[in-house]
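Let me begin by presenting the structure, written as structure tokens, before commenting on it.
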2 protein chains.
Amino acid sequence: MGVRKPGVRIPVPSLRRLPIYHRRLREAVESGIGFVSSAELGEAAGVSEAQVRKDLSYLVYDGRSGVGYDAKGLASYLENYLGLINDKEAVLVGAGNLGRALALYPGFGRYGLRIIAIFDNDPAKIGQVVGEQEILPVSKLPSLVQRLHIQMGIITVPAVAAQEVADAMVTGGITVIWNFSPCTLHVPDNVWVQNEDLAAQLATLSHQITQQKLSNLTRTAETREDSLTLHPR
Amino acid sequence: MGVRKPGVRIPVPSLRRLPIYHRRLREAVESGIGFVSSAELGEAAGVSEAQVRKDLSYLVYDGRSGVGYDAKGLASYLENYLGLINDKEAVLVGAGNLGRALALYPGFGRYGLRIIAIFDNDPAKIGQVVGEQEILPVSKLPSLVQRLHIQMGIITVPAVAAQEVADAMVTGGITVIWNFSPCTLHVPDNVWVQNEDLAAQLATLSHQITQQKLSNLTRTAETREDSLTLHPR
DNA sequence: TAGATTGTTAATCGATTAACAATC
DNA sequence: TAGATTGTTAATCGATTAACAATC
């Protein structure tokens with residue numbers, strides 16, 4: 001339809017919604033549905049239809065007025081735009097429960113993630129096999145990363161060890177780090193860190209539970225009927 | 001110092017930074033440091049010192065001009081505010097690799113999370129023990145949740161099964177759901193869902209890697225020296 | 001055509017930043 | 001006191017929402 005201004009970059013909140021839209025579109029394709037409206041995409045992502053159209057306006061892919069978005073076409077476009085069709089080679093450091101779970105997570109492979117090596121410093125773990133990978137000592141990380149031009153590192157070690165792991169990754173040339181350790185990493189400007197701090201997330205859930213309890217107490221004291229409406233037995 | 005307006009609720013972005021500040025304060029306490037400045041807290045969270053002071057202005061806890069924030073005092077305040085000191089009982093459904101890893105994650109217990117039951121529908125898993133919990137069939141979930149007044153549910157099942165698990169949780173009276181399945185859940189208004197969609201997060205990392213590659217190609221074509229600066233060998 | 005839904009614009013909303021008087 | 005750092009205000013920035021002409 002209209003003309004896209006070339007200088008405008010997609011906002012991060014919009015970017016984060018694209019995978020949700022993509023999933024909804026794939027579901028439509030699998031159900032044999034040809035077109036999906038912005039309202040339907042918004043429903044999947046929990047945002048308004050206006051928001052969806054705004055998000056998609058940052059892409060160079062148009063919907064069809066009066067019809068919606070071509071499910072197959074936009075899904076493919078998003079796979080390209082998000083790089084899901086490219087193979088992304090990664091190393092994972094920290095072969096604890098979480099690290100093993102991520103290494104074996106089936107959803108990642110479908111998005112092009114290839115974990116090509118797993119590292120740990122626990123002598124008891126080195127040599128063990130997770131999936132198709134043998135666990136290697138962290139000392140071998142920088143050279144391997146450098147030699148194979150690995151772009152991505154996943155950190156699932158305890159917080160105290162995370163910074164030195166990040167340093168080793170940066171030394172090897174890694175520029176994207178997915179950090180599951182509950183800590184702040186210090187890296188050069190050209191390295192992109194995404195934190196997946198589950199303990200911090202839990203803290204916000206914890207706050208939510210605490211608030212709910214408080215408001216329930218208040219409500220019970222004020223009007224017993226409202227309280228019963230919210231907590232049907 | 002000043003007067004807090006009572007009607008102002010803390011914005012979600014601010015709320016999500018509080019656990020990071022809390023962690024930084026705990027580190028200070030462990031190092032025997034009495035006060036931490038907004039600049040130091042901001043450094044830990046990757047935000048400006050002005051942002052930190054703004055975030056903390058939503059709390060009813062004051063720093064000391066010219067000195068900073070009392071590490072022990074503010075840490076305790078945040079533990080209360082975030083509800084970290086309260087025990088929060090939860091059930092977890094989906095005893096796959098990720099579910100087991102979360103059930104055994106040591107960081108959660110320190111924040112007051114008690115996973116008091118684990119469910120799965122795979123007959124091969126039912127009866128197995130994870131940590132201190134025996135895996136139970138999902139059919140037993142609603143009554144157990146109701147009887148013990150559990151507030152929180154953690155979902156780590158495949159996407160196709162997630163909605164029915166959420167329904168069972170809601171039936172039992174759960175009002176906070178932590179959803180690790182890559183799907184959108186439909187729940188009543190009084191239920192609070194936090195999505196931890198790792199596949200969607202991976203998609204944004206994937207986009208980042210793709211963009212870096214593109215800009216490196218461009219930069220290499222334009223000025224070879226810049227490219228070398230960004231990729232020291 | 002009539003109905004539906006798009007892409008875009010302008011208005012609104014909310015979060016971040018900058019600046020500084022207050023104060024420890 | 002002098003120096004440092006706070007809490008708050010106002011200015012800025014950016015994202016979301018509402019409205020509607022364009023159009024399939």
Side-chain angles (χ1 to χ4, degrees), chain A residues 1-18 20-21 24-25 28 33-75 77-78 81 204, chain B residues 1-18 20-21 24-25 28 33-75 77-78 81 204:
Chain A
M1 224 186 226
V3 180
R4 225 78 58 165
K5 284 135 211 158
V8 180
R9 286 231 69 47
I10 186 168
V12 173
S14 297
L15 177 63
R16 290 196 195 284
R17 285 188 287 266
L18 296 184
I20 316 291
Y21 302 155
R24 181 65 182 76
L25 293 161
I33 295 167
F35 287 85
V36 181
S37 71
S38 56
E40 289 166 316
L41 293 174
E43 212 272 334
V47 296
S48 70
E49 51 177 310
Q51 183 68 78
V52 172
R53 292 200 296 275
K54 188 72 178 174
D55 289 345
L56 297 180
S57 75
Y58 296 105
L59 313 177
V60 188
Y61 188 94
D62 280 339
R64 269 172 57 183
S65 295
V67 180
Y69 297 88
D70 178 66
K72 211 176 270 181
L74 181 51
Y77 180 92
L78 286 173
Y81 183 80
T204 68
Chain B
M1 223 183 224
V3 179
R4 226 79 57 164
K5 285 135 211 159
V8 180
R9 287 230 71 46
I10 187 169
V12 173
S14 297
L15 177 62
R16 291 196 195 284
R17 285 188 288 266
L18 296 184
I20 315 291
Y21 303 153
R24 181 67 182 74
L25 292 161
I33 295 168
F35 288 84
V36 182
S37 70
S38 56
E40 290 166 315
L41 293 174
E43 211 273 332
V47 297
S48 71
E49 51 177 311
Q51 182 70 76
V52 172
R53 292 200 296 276
K54 187 74 178 172
D55 289 346
L56 296 180
S57 76
Y58 296 105
L59 312 177
V60 189
Y61 188 93
D62 279 338
R64 268 171 58 182
S65 295
V67 180
Y69 298 88
D70 179 65
K72 212 177 268 181
L74 181 51
Y77 180 92
L78 286 173
Y81 184 81
T204 69

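Throughout, a chain's letter reflects where its sequence line sits, starting with A, and its residues are numbered from 1.
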ask   = Any sub-3.5 Å donor-acceptor pair from A/Tyr61's side-chain atoms to A/Ala75's backbone N or O?
value = no
inquiry  = Does a side-chain N or O of A/Tyr69 approach OP1 or OP2 of C/dG7 to a distance below 4.0 Å, or not?
reply    = yes
B/Pro13, nearest nucleotide to its side chain (from D/dT23, D/dT5, C/dT16) = C/dT16
request  = Nearest-nucleotide wise, let me know which of B/Gly63 and A/Val67 is further upstream toward the 5' end of DNA chain D.
outcome  = B/Gly63
Side chain A/Tyr21, main chain A/Leu41, donor-acceptor under 3.5 Å = no
task = Look up atom CZ in B/Arg16 and atom CG in B/Asp55, then write down how far apart they are to the nearest 0.5 Å.
result = 13.0 Å
query = Between D/dT8, C/dG7, C/dT16, which nucleotide gets closest to the side-chain atoms of B/Ser14?
reply = C/dT16
query = Is any side-chain N or O of A/Ser38 closer than 4.0 Å to OP1 or OP2 of C/dT5?
reply = no
Within residues 46-54 of chain B: residues closer than 4.0 Å to DNA chain C (heavy atoms) = B/Ser48, B/Ala50, B/Gln51, B/Arg53, B/Lys54
ask   = What pairs with B/Tyr81 under side chain to side chain donor-acceptor pair (under 3.5 Å), at least two apart in sequence or on another chain?
value = none
query = A/Tyr58 OH to C/dT6 P: how many Å, rounded?
reply = 17 Å
request  = Go ahead and write out DNA chain C as dot-bracket, 5' to 3': ( ) for pairs within the strand, [ ] for ones crossing earlier pairs, | when the partner sits on another strand, dots for unpaired; Watson-Crick or G-U wobble, both distances under 3.5 Å.
outcome  = ..||||||||||||||||||||||
ask   = In whole Å, what is the span from the CG atom of A/Leu56 to the P atom of D/dT16?
value = 13 Å
